[in-house]
There are 4 protein chains.
Amino acid sequence: MGYSGDSAGRAARSKRADARRNEETLLDAAAAVFVASGVEAPVRDIAAKAGVGMGTIYRHFPTRADLIVAVYRHQVEACAEAGPALLATSETPHAALARWIDLFVDFLVTKHGLAAVLQSDNTGFETLHSYFLDRLLPVCAELLDAAAAAGEIGSDVEAYQLMRGVGNLCIGAEHDPRYDARRLVGLLIAGLHRRTGPRGCDG
Amino acid sequence: MGYSGDSAGRAARSKRADARRNEETLLDAAAAVFVASGVEAPVRDIAAKAGVGMGTIYRHFPTRADLIVAVYRHQVEACAEAGPALLATSETPHAALARWIDLFVDFLVTKHGLAAVLQSDNTGFETLHSYFLDRLLPVCAELLDAAAAAGEIGSDVEAYQLMRGVGNLCIGAEHDPRYDARRLVGLLIAGLHRRTGPRGCDG
Amino acid sequence: MGYSGDSAGRAARSKRADARRNEETLLDAAAAVFVASGVEAPVRDIAAKAGVGMGTIYRHFPTRADLIVAVYRHQVEACAEAGPALLATSETPHAALARWIDLFVDFLVTKHGLAAVLQSDNTGFETLHSYFLDRLLPVCAELLDAAAAAGEIGSDVEAYQLMRGVGNLCIGAEHDPRYDARRLVGLLIAGLHRRTGPRGCDG
Amino acid sequence: MGYSGDSAGRAARSKRADARRNEETLLDAAAAVFVASGVEAPVRDIAAKAGVGMGTIYRHFPTRADLIVAVYRHQVEACAEAGPALLATSETPHAALARWIDLFVDFLVTKHGLAAVLQSDNTGFETLHSYFLDRLLPVCAELLDAAAAAGEIGSDVEAYQLMRGVGNLCIGAEHDPRYDARRLVGLLIAGLHRRTGPRGCDG
DNA sequence: TATGAATGAGCGTTCATTCAT
DNA sequence: CATGAATGAACGCTCATTCAT
C-alpha cells in the first residue's frame with residue numbers, strides 16, 4: 001500500500017501527467033483561437049490548432065461552456081480573489097467596488113465574444129453562467145454590501161443584476177473605437193453612489 | 001376626364017392596395033416570429049407564418065435589416081418624436097433625457113434579440129444600424145446638449161456612446177426576471193448627472 | 001369593305017402600331033441586356049430595362065429562344081443574304097465560304113453567350129436552334145456545294161457539322177484575349193481545302 | 001520493434017484505408033453522375049449516388065474543380081504521357097500532334113459537360129483550368145514545336161489557343177449524332193499544316 | 001482513449017414561371 | 001392586354017455532433 005510507485009502506479013501517474021499536458025495544450029490552443037475568432041469559433045478550428053482530434057475536445061469538455069470555463073478559469077479566479085484585497089486597501093467600499101468592476105471589465109473586453117455569450121439565453125451555456133455567477137457573484141455581493149453598510153449606496157441593487165449589466169456593457173467593445181465600455185461602466189457605478197460621482201458632492 | 005380613377009388607375013391602385021395589405025400581413029407575421037424566435041429567425045419561418053413564399057419576403061425586404069426596420073419603424077418614429085416633447089414638458093433636461101431613454105428601453109426590451117443585433121458588427125446590418133442612428137442619435141444628442149447647457153451633466157459623453165450603452169444594457173432583458181434593464185439604465189443616466197442621483201444632492 | 005380606315009380600323013391599326021413599338025422597345029432593351037449580361041440574363045432584368053412587366057415579355061416571346069431569335073433576326077437575315085452575294089463576287093467558292101463564315105463568326109463573337117446557347121442541349125432552345133439552322137444551313141450548304149463542285153473541297157463535310165463547329169469555336173471568345181476564334185475558324189476552313197491553306201500549295 | 005505495424009499504426013493505416021476506399025466510392029459515383037447529368041450536377045445528387053453525406057464530398061473535394069480533377073486525373077495523366085510516345089513513334093511530328101489531339105478529343109467527348117466547363121470563365125474553376133493547362137499545355141506545345149521545327153506547320157499558333165479551340169469543338173458532342181467533333185478537330189489540325197490535308201498535296 | 005471521417009439538418013438566396021388584378 | 005406580385009423548387013455551403021476504428 002502507500003502511495004509509493006509500483007509500475008502500475010507509475011503508469012497511472014504518467015498517464016495522468018500526459019492527460020494534463022494534453023489538456024493544457026488544448027486550453028492554450030482554445031485561448032488562441034478564441035482571441036482570433038471569438039469564443040464561438042468552430043470546434044474544428046480549435047482541434048486543428050491544438051493538433052488533436054475533435055473527439056478529444058468533446059471528451060475533455062463535453063460542452064463549449066466547459067471549454068470556455070476552463071480557458072478563463074485562472075483569470076476568473078484572480079478576479080474573484082482580488083475582491084477582498086481591494087476592499088481592504090481602498091479608501092471606501094464604493095471605490096473598491098469600482099476598482100473591482102474595472103478588473104472584470106478589463107477581463108471581458110479582451111475576450112472576443114465572451115461578454116455576448118455570457119448573456120446568451122442559449123441552452124448549453126448554463127455551465128458557463130453558473131461558473132461566473134458562483135464565482136464572482138459572492139465577491140460582488142460582498143463589495144456591494146460593504147458599500148451599502150457604509151451608506152455609500154442603497155441596498156437595493158442586486159449583485160446579479162449589476163454583474164449582468166456590466167457584462168452587457170462590455171459586449172462588442174473590442175471593435176468599436178467610439179465605444180468605451182469602461183467609461184460607461186464607470187457611469188453605472190457612479191450612478192450607484194448615493195450622492196454623486198466618484199469625487200464627491202462638494203467637489 | 002373625371003377627377004381621378006379611370007379603370008387603369010383603379011387597377012394600379014388596387015394592385016398596390018393588395019400589395020400593401022400583403023406587406024402588412026408580412027410585417028405582422030415577422031413581428032410575431034420575431035417575438036417568438038428573435039429577429040434572426042429563419043426567413044422560411046417568417047414566410048411560413050405569413051403564409052407566403054420566401055421570395056415574397058425578399059421582394060419586399062431585400063435584406064433582413066430592411067425587414068427589421070420596417071417591422072419596428074412606427075415605434076422608432078414614435079420614440080424619436082417623443083424627444084422634443086419630453087424636453088418641453090419635463091422639469092429639467094436631465095429628467096427629459098431619463099424619460100426618453102426609458103422609452104427607448106421599453107421599446108428594446110420587448111424586441112427579442114433586437115438589442116443584440118443592434119450591436120452586431122455583422123455586415124448586412126448597416127441599414128439597420130444606420131436607421132436607428134440616423135433617427136435616434138440626433139434626438140439623444142439634443143437632450144444631452146440641453147442637459148449639458150443646463151449644467152446638469154458634463155459635455156463629455158457622446159450620444160453615440162450613450163445609445164450603444166443603453167442598447168447593450170437591454171440585451172437579453174426579456175427572459176430574465178432577475179435582470180431589470182430599466183433599472184440599470186436608470187443608474188447609468190444617474191451616473192451622468194454632475195452631482196447626485198435622481199433625487200438630488202441635498203435629498 | 002376595303003382597307004379604308006373606319007374608326008374601328010383605325011383603333012385596330014393604332015393598336016397594332018403600338019404593339020409593334022412596344023415590341024421594338026422590348027427588343028432594344030433585350031439587346032442591351034444581352035450585351036451587358038449575356039443572353040441568359042434574368043427575364044426580370046430585361047423587363048426592367050424595357051420598362052415593361054415580365055408578363056409582357058412572356059406574351060410576346062413565350063420562350064427565351066423566341067426572344068433571342070427576335071433580337072438577332074435582322075443580323076441573321078443579313079448574314080444569310082450575304083451568302084449568295086459572296087459566292088457571286090469571290091474568286092472561288094472556297095474563298096466565298098471563308099468570307100461568309102467570317103461574317104458568321106463576327107456576328108457570334110459579339111453576342112455575349114450566344115454561341116454557348118446555340119450549342120446547349122437544353123430543351124427549350126429548339127426554336128433557337130431551328131431558326132439558325134433553317135436560315136443559315138442552306139446558305140452554308142450552298143457554299144459548300146459550290147466549293148465541292150469546284151473541286152476545292154471534298155463533298156464529305158455536312159453544312160450542319162461545319163456550322164456547329166464554327167459556333168463552338170466562338171464560345172467564350174469575348175473574354176479571353178489569348179483566344180482568337182477567327183483565327184481558329186480560319187484554320188478549320190483551311191483544313192477543308194483539298195490542297196492547302198489560304199496561301200496555296202506552292203507557297 | 002517489429003518491422004512495422006503497432007496497433008496505433010495499424011489503426012491509423014486502417015482509417016486511411018477506409019477513407020481511401022470511401023474516396024474511391026465517391027469518385028466512382030461522381031463519375032457516374034457526371035456521365036448522367038454532366039459535371040455540374042448538384043452536389044446532393046453525387047452524395048446520394050455515393051451513399052454519403054454532402055459533407056463528405058466537401059471534405060474530400062472542397063471545390064467542384066477539385067472533384068472534377070480527381071475524377072479525371074488518371075485519364076488526363078495518360079493523355080499527357082502519350083504525347084512524347086506519339087512523337088517518338090509517328091512518321092512526322094504533325095501526325096503525332098494529330099494523334100495526340102485525337103486522344104484528347106476522345107477523352108473530352110465522353111465527359112458530359114466537361115469541355116464546356118473547361119471554357120467557363122466562372123471563378124471557382126481556376127483549379128480545373130490550371131490543372132488541364134499545366135498538365136497538357138506543355139505536351140501540346142512540344143508537339144507543336146516539333147512540327148514547326150520540321151517545317152510542317154508555321155510557328156504562329158499558340159498551344160493555348162489550339163487546346164482551347166479543340167476543347168471548344170468538343171462541347172456538346174456527346175448527344176448529337178450529326179456532330180462529329182473528331183472530324184472537325186481533324187480539319188482544324190489539317191488546316192494547321194503548311195500544305196495540305198493529311199494525305200498530302202498531290203492527293 | 002484518441003481520432004477525424006461522416007452525417008445531414010439547416011440556412012440564405014435566386015429566378016423561371018404563373019396568374020389575379 | 002399588361003402588370004408584377006407571388007411562388008417554391010433548387011442549390012451551395014457550414015458545422016455541431018456522433019461513432020467506427
Roughly how many Å is it from [atom1] in [X] to [atom2] in [N], rounded to a whole number?
| X | N | atom1 | atom2 | value |
| --- | --- | --- | --- | --- |
| D:F61 | E:dA6 | CZ | P | 10 Å |
| D:E24 | E:dA5 | CD | P | 16 Å |
| A:I46 | E:dT3 | CD1 | P | 15 Å |
| D:M54 | E:dA5 | CE | P | 18 Å |
| C:R59 | E:dT18 | CZ | C1' | 13 Å |
| B:Y58 | E:dA16 | OH | P | 17 Å |
| D:I57 | F:dT14 | CD1 | C1' | 15 Å |
| D:E23 | E:dA5 | CD | P | 10 Å |

Discussion item. Give the residues of residues 28-44 of chain D touching DNA chain E, defined as any heavy atom closer than 4.0 Å, sorted by residue number.
Written reply: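 D:R44, in order of number.
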Worksheet item: Watson-Crick or G-U wobble partner for F:dC13, using a 3.5 Å limit on both distances?
Response: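 Paired with F:dC13, as far as the under-3.5 Å criterion goes, is E:dG10.
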Worksheet item: Using purine N1 to pyrimidine N3 plus N6-O4 or O6-N4 for Watson-Crick, or N1-O2 and O6-N3 for G-U wobble, both under 3.5 Å, which nucleotide pairs with F:dA20?
Response: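 The answer is E:dT3, by the H-bond criterion.
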How about [X] and [Y]: do any of their side-chain heavy atoms sit closer than 4.5 Å?
| X | Y | answer |
| --- | --- | --- |
| D:I46 | D:L67 | yes |
| C:H112 | C:H175 | yes |
| C:S130 | C:L133 | no |

Practice prompt. Could you check A:G53 against B:P62 and say which one's nearest nucleotide on DNA chain E is further toward the 5' end?
Written response: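 Between the two, 5'-proximity favours A:G53.
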Discussion item. Whether B:T56 contacts F:dT7 is assessed here as follows: a side-chain N or O lying under 4.0 Å from the phosphate OP1 or OP2. Is that the case?
Written reply: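 Yes, B:T56 has a side-chain N/O under 4.0 Å of OP1/OP2 on F:dT7.
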Discussion item. Quick check on F:dA6: is either OP1 or OP2 less than 4.0 Å from any side-chain nitrogen or oxygen of B:H60?
Written reply: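 Answer yes for this pair, as a side-chain N or O of B:H60 is under 4.0 Å from OP1 or OP2.
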Discussion item. Quick check for you: to the nearest 0.5 Å, what is the distance between B:H60 atom NE2 and B:T25 atom OG1?
Written reply: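 Going from the NE2 atom of B:H60 to the OG1 atom of B:T25 covers 9.0 Å.
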Worksheet entry | C:R64, nearest nucleotide to its side chain (from E:dA16, F:dT3, E:dA6) |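 Among E:dA16, F:dT3, E:dA6, the one nearest the side chain of C:R64 is E:dA16.
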Worksheet item: Does atom NZ of B:K49 have more than 12 heavy-atom neighbours, drawn from other residues, nucleotides or ligands, at distances under 6.0 Å?
Response: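 No, not enclosed.
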Discussion item. Do A:R64 and A:F125 form a cation-pi contact, if we require the NZ or CZ to be under 6.0 Å from the six-membered ring centre and within 45 degrees of the ring's axis?
Written reply: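 Judged by the rule, A:R64 and A:F125 form no cation-pi pair.
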Worksheet item: Parallel under 30°, tilted from 30 to 60°, perpendicular over 60°: which one fits the rings of B:F34 and B:Y72?
Response: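 Tilted: the ring planes of B:F34 and B:Y72 meet at 30° to 60°.
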Worksheet item: If you look at every strand shown and take non-hydrogen atoms under 4.0 Å, does D:G51 touch a base, only sugar-phosphate, or nothing?
Response: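 The residue D:G51 makes sugar-phosphate contact but no base contact.
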Worksheet item: Hey, which of these two, C:V52 or D:G55, hits DNA chain F nearer its 5' end, going by closest nucleotide?
Response: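 It is C:V52, whose closest nucleotide lies nearer the 5' terminus.
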